[in-house]
Chemist: 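Pasting a structure below so you can have a look.
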Amino acid sequence: MIKKCLFPAAGYGTRFLPATKAMPKEMLPILTKPLIQYGVEEAKEAGCSIMAIITGRGKRAITDHFDISYELEHQIKGTSKENLLKEIRALIENCTFTYTRQNEMKGLGDAILKGEPLIGNEPFGVILADDLCVNSRGESVLKQMVKLYNKYQCSIVAIEEVEKDEVYKYGIIEATEIEKDIFMVKDMVEKPDIDKAPSNLAIIGRYILSNDIFKILKDTKPGKNGEIQITDALKEQTKQGKVIAYKFKGKRFDCGNVDGFVEATNYFYNQKI
Ligand code: G1P
């Protein structure tokens, strides 16, 4: 059972300045819902009830968002607006939110390692909220991955095919397909140059990690861009034949950049009308 999901949310979001100067990028809304709430809803649908959020300075709005606002609720009680808080109230009532801070920006691997006290000794999911995933029919991406975990009992990364000239933005895998859309990973490299990429299969922001990842991360040296990379720690796990990549069903929007963000906004708006 995967009960906990970790959300690295300490990054600065510089691509969205000035909007992110005093506001966490995870709170940017697609229509009326902040990005991180989409992620938490996905984790809950996948069966997680404990959300472990790695925050940093200037991220207080995230903690407040996942808490009751008595004054506001009092104000809108009995009006048509009350309904607008229904979804977030359901999350607050049914999930536990835990927090710790990543004090220095030392990479995604470091952010995940900071979550160890919140996760303890069990496998866990990871959602990068700026990769917004939707599956209009059927199960969320994390839920699809939890099912796979139950079968394979090892770390799993979600992947999608990207254009060759985009590989420099992602962790890229080298792998063999063992079942339709399921790959055994042999190697992986963080943000390779186009001519060094072993494939065009890119890791997107959904992971299930077996607990030994923490031990490996403690020994992982800074890699690409001088940061501790989760890709390098997962690469260690591949040596024991223990990482699966999964070409998920659904669509992913890269809301970490303006184009993807606008695309997601249009998609959700068109769903509504
Ligand atoms: C991170 C990971 C990368 C992965 C990507 C998915 O990079 O380091 O391996 O492909 O997330 O969104 P970032 O986008 O944080 O630079």
Side-chain angles (χ1 to χ4, degrees), residues 5-16 20 24-26 28 35-36 38-39 42 53-56 59 102 104-115 125-134 141-142 145 155-175 183 185 187-194 196-209 213 216-217 220-238 243-248 250-261 263-264:
C5 187
L6 192 136
F7 295 81
Y12 295 128
T14 46
R15 288 199 194 101
F16 283 89
T20 48
K25 65 170 173 162
E26 295 78 11
L28 290 171
L35 276 173
I36 193 160
Y38 287 93
E42 182 179 335
I53 305 183
I54 312 300
T55 67
K59 301 279 187 169
Q102 184 189 20
E104 292 175 280
M105 295 301 108
K106 292 202 290 193
L108 179 58
D110 177 66
I112 292 174
L113 182 55
K114 285 281 179 300
V126 176
I127 289 184
L128 307 185
D130 50 15
D131 274 340
L132 177 52
C133 293
V134 292
V141 176
L142 196 69
M145 293 170 76
S155 288
I156 302 173
V157 295
I159 52 163
E160 71 176 16
E161 282 182 45
V162 296
E163 297 296 329
K164 264 276 171 198
D165 60 1
E166 301 251 293
V167 290
Y168 73 94
K169 295 185 189 166
Y170 300 96
I172 302 292
I173 63 161
E174 182 186 342
F183 298 74
V185 183
D187 200 2
M188 50 174 77
V189 45
E190 179 69 10
K191 303 193 175 86
D193 292 338
I194 190 164
K196 302 235 171 61
S199 73
N200 67 336
L201 298 175
I203 300 171
I204 63 113
R206 298 290 179 282
Y207 306 77
I208 289 185
L209 300 174
I213 201 77
I216 298 171
L217 277 169
T220 302
K221 302 270 171 305
K224 188 84 184 181
N225 302 329
E227 295 179 337
I228 298 173
Q229 300 293 349
I230 190 63
T231 311
D232 292 337
L234 281 161
K235 186 184 157 98
E236 277 307 302
Q237 288 188 329
T238 64
V243 181
I244 295 280
Y246 171 55
K247 212 191 264 182
F248 63 94
K251 188 167 171 48
R252 164 224 171 223
F253 297 97
D254 177 5
C255 295
N257 74 62
V258 176
D259 288 349
F261 189 88
E263 211 188 307

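Whatever order the structure lists ligands and atoms in, that order sets their numbers, starting from 1.
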Chemist: Measuring only between side-chain heavy atoms, which start at C-beta, is Ile204 closer than 4.5 Å to Phe248?
Modeler: yes

Chemist: With a heavy-atom distance limit of 4.0 Å, tell me whether Ile230 approaches ligand 1 through its side chain, its backbone, both, or neither.
Modeler: neither

Chemist: For atom 5 (C) of ligand 1, what's the nearest protein heavy atom and its distance?
Modeler: Ile203 O, 4.0 Å

Chemist: If we only consider heavy atoms of Lys224, is any one of them less than 4.0 Å away from an atom in ligand 1?
Modeler: no

Chemist: Between Ser199 and Ile173, is there a donor-acceptor pair closer than 3.5 Å when you use the side chain of the first and the backbone of the second?
Modeler: yes

Chemist: Can you figure out which of Thr231, Val157, Asn257, Leu128 has its heavy atom closest to atom 11 (O) of ligand 1?
Modeler: Leu128

Chemist: Indicate yes or no for a side-chain donor-acceptor contact from Asn200 to the backbone of Glu163 under 3.5 Å, with no hydrogens or angles considered.
Modeler: no

Chemist: Can you list the ligand 1 atoms lying under 4.0 Å from a non-hydrogen atom of Gln229?
Modeler: 8 (O)

Chemist: Short question: side chain of Asn225, backbone of Glu227 - any donor-acceptor pair under 3.5 Å?
Modeler: no

Chemist: Salt bridge or not for Glu26 and Lys59, using N-O below 4.0 Å?
Modeler: yes

Chemist: Side chain of Glu42, backbone of Leu142: donor and acceptor closer than 3.5 Å?
Modeler: yes

Chemist: What protein heavy atom is closest to atom 12 (O) of ligand 1, reported as residue, atom name and distance in Å?
Modeler: Asp131 OD2, 2.8 Å

Chemist: Can you pull out the closest protein heavy atom to atom 1 (C) of ligand 1? Residue, atom name and distance to 0.1 Å, please.
Modeler: Leu108 CD2, 3.9 Å

Chemist: Between Lys224 and Lys191 (side chain of the first, backbone of the second, donor and acceptor by atom type, cut-off under 3.5 Å), is there such a pair?
Modeler: yes

Chemist: Could you tell me the residue and atom name of the protein heavy atom closest to atom 15 (O) of ligand 1, and the distance to it rounded to 0.1 Å?
Modeler: Lys191 NZ, 4.7 Å

Chemist: Do me a favour and list the nearest non-hydrogen protein atom to atom 8 (O) of ligand 1 with residue, atom name and distance?
Modeler: Glu190 OE2, 2.7 Å

